[in-house]
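One structure is given here, and the rest of the page talks about it.
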Amino acid sequence: MDLAARLMHGQRFQENLNGTDFIPRLLGGSPLPLRVFLFGARPEVVREASRTVEHRFGHQVVGAMAGYGVEDELVCERIRTAQPDVVLVALGNPLQEQWILDHAKQLPPALYVGVGALFDFLAERAVRAPVWMRKLHLEWLFRLLQEPKRLWKRYTVDAVKFFRICRRASA
């Protein structure tokens, strides 16, 4: 997104705009207790991430579901029943954003955020890039080096397609 902003508007974002940076700031800075629903990742990861949201940030986790092999209608029903303020969706990019868009009409009003690997970070199952790499907006490179087989297409083929779309839109 940072490179797209530079391409389309001539300047970068001042800060990283990903879920792994935004959500801890939101949760840590909220003056009110929030009702949070977590969806995605493996069962043990989402459980541990839920504990972190409750214990480190002091918010109420009103629901948590793993992201594999679950019927979408069941997820939507649980979210509707829970009535959360914030729904964190960790299915990986672009699946999480597509899931939010595809189900928006079935879901109650809340803040829905695609958070990528946030649950893995909160559960201490994955390591974030060093701060200096994050400040240079190079966390994607760190992640690619950590998981090349899984992420190579996202950061090569998909990125090229995305930048072509941005270029056409800015022309």
Side-chain angles (χ1 to χ4, degrees), residues 1-5 8-9 13 15-30 32-54 57 59-123 125-126 128 134 137 139-140 143-144 147 150-151 153-155 157-166 168-169:
M1 294 306 295
D2 188 51
L3 292 173
M8 295 178 73
H9 304 291
F13 294 111
E15 298 193 38
N16 283 335
L17 297 177
N18 56 46
T20 53
D21 288 321
F22 171 69
I23 293 302
R25 286 177 132 182
L26 173 74
L27 297 178
S30 176
L32 301 172
L34 297 170
R35 296 170 51 83
V36 181
F37 193 102
L38 290 81
F39 170 51
R42 294 182 316 278
E44 65 277 8
V45 172
V46 75
R47 273 193 304 275
E48 189 59 38
S50 296
R51 283 194 280 276
T52 301
V53 168
E54 291 183 334
F57 297 107
H59 298 290
Q60 180 185 9
V61 173
V62 295
M65 295 182 72
Y68 299 99
V70 181
E71 292 292 325
D72 288 344
E73 185 50 45
L74 177 61
V75 177
C76 292
E77 178 57 34
R78 292 243 178 107
I79 292 171
R80 284 191 297 270
T81 301
Q83 292 296 304
D85 301 308
V86 178
V87 178
L88 306 178
V89 182
L91 300 175
N93 179 291
L95 296 176
Q96 61 202 17
E97 290 80 11
Q98 192 63 55
W99 190 91
I100 293 167
L101 289 171
D102 289 348
H103 298 90
K105 291 180 180 172
Q106 304 172 55
L107 297 168
L111 173 64
Y112 292 83
V113 183
V115 295
L118 177 65
F119 296 178
D120 291 305
F121 298 142
L122 292 177
R125 302 289 178 113
R128 287 219 50 199
R134 287 186 258 159
H137 303 259
E139 187 161 18
W140 66 270
R143 301 264 338 272
L144 178 61
E147 300 181 74
R150 188 174 78 81
L151 298 175
K153 184 177 179 282
R154 179 186 307 170
Y155 294 126
V157 176
D158 293 346
V160 170
K161 289 179 190 174
F162 176 73
F163 289 121
R164 283 187 183 143
I165 291 167
C166 291
R168 280 194 301 260

Are Val36 and Ser50 side-chain neighbours, meaning at least one heavy-atom pair lies under 4.5 Å? no

Taking atom CZ of Phe39 and atom OH of Tyr112, what is their separation to the nearest 0.5 Å? 12.0 Å

Heavy atoms from other residues, nucleotides or ligands near CZ of Arg134 exceed 12 (cutoff 6.0 Å): yes

CZ of Phe57 to CG of Leu34: how many Å apart, nearest 0.5 Å? 11.5 Å

Val87 and Leu107: side-chain contact (heavy atoms from CB on, under 4.5 Å), yes or no, with the steps? CA-CA 10 Å; Val87 178; Leu107 297 168; over 6 Å; no

Taking every heavy atom of Ala41 against every heavy atom of Phe119, the minimum-distance pair comes out as CB-CD1, 3.9 Å

Electrostatic pair Arg51-Glu54, nearest N-O below 4.0 angstrom: no

Interatomic spacing from CD in Gln98 to CG in Leu91 - rounded to 0.5 Å: 11.5 Å

Report the distance from atom CG of Leu88 to atom CZ of Phe37, rounding to the nearest 0.5 Å. 10.5 Å

Does the His103 side chain pair with the main chain of Cys76, one donor and one acceptor, at a distance under 3.5 Å? no

Only counting residues at least two apart or in another chain, list the ones meeting salt bridge (charged side-chain N to carboxylate O under 4.0 Å, His left out) with Arg42. Glu44

Indicate the atoms forming the closest heavy-atom contact of Leu27 with His59, along with that distance. O-NE2, 2.7 Å

Side chains of Gln83 and Pro108 in contact at under 4.5 Å (non-hydrogen atoms): yes

Closest heavy-atom pair and its distance - Leu122, Thr52: O-OG1, 3.0 Å

Can you name the nearest heavy-atom pair linking Pro84 to Val62, along with the distance? CB-CG2, 3.9 Å

Here the gap from Leu144 atom CG to Arg150 atom CZ, rounded to the nearest 0.5 Å, amounts to 10.5 Å

Which heavy atom of Thr20 sits nearest a heavy atom of Glu139, and at what distance? OG1-OE1, 4.2 Å

Judged by atom type as modelled, is there a donor-acceptor pair below 3.5 Å linking the side chain of Arg128 to the main-chain atoms of Phe121? no

Should Leu26 and Leu111 count as side-chain neighbours, where that means a heavy-atom distance under 4.5 Å? yes

Under the rule for salt bridge (charged side-chain N to carboxylate O under 4.0 Å, His left out), what residues qualify as partners of Arg143, not counting sequence neighbours? Glu147

How long is the straight-line distance from CD1 of Ile79 back to CG of Leu74, given to the nearest 0.5 Å? 10.0 Å

Is the number of heavy atoms from other residues, nucleotides or ligands under 6.0 Å of Glu73 CD greater than 12? yes

Specify the closest pair of heavy atoms between Ala66 and Pro43, including all atoms of both residues, with the distance to one decimal. CB-N, 3.7 Å

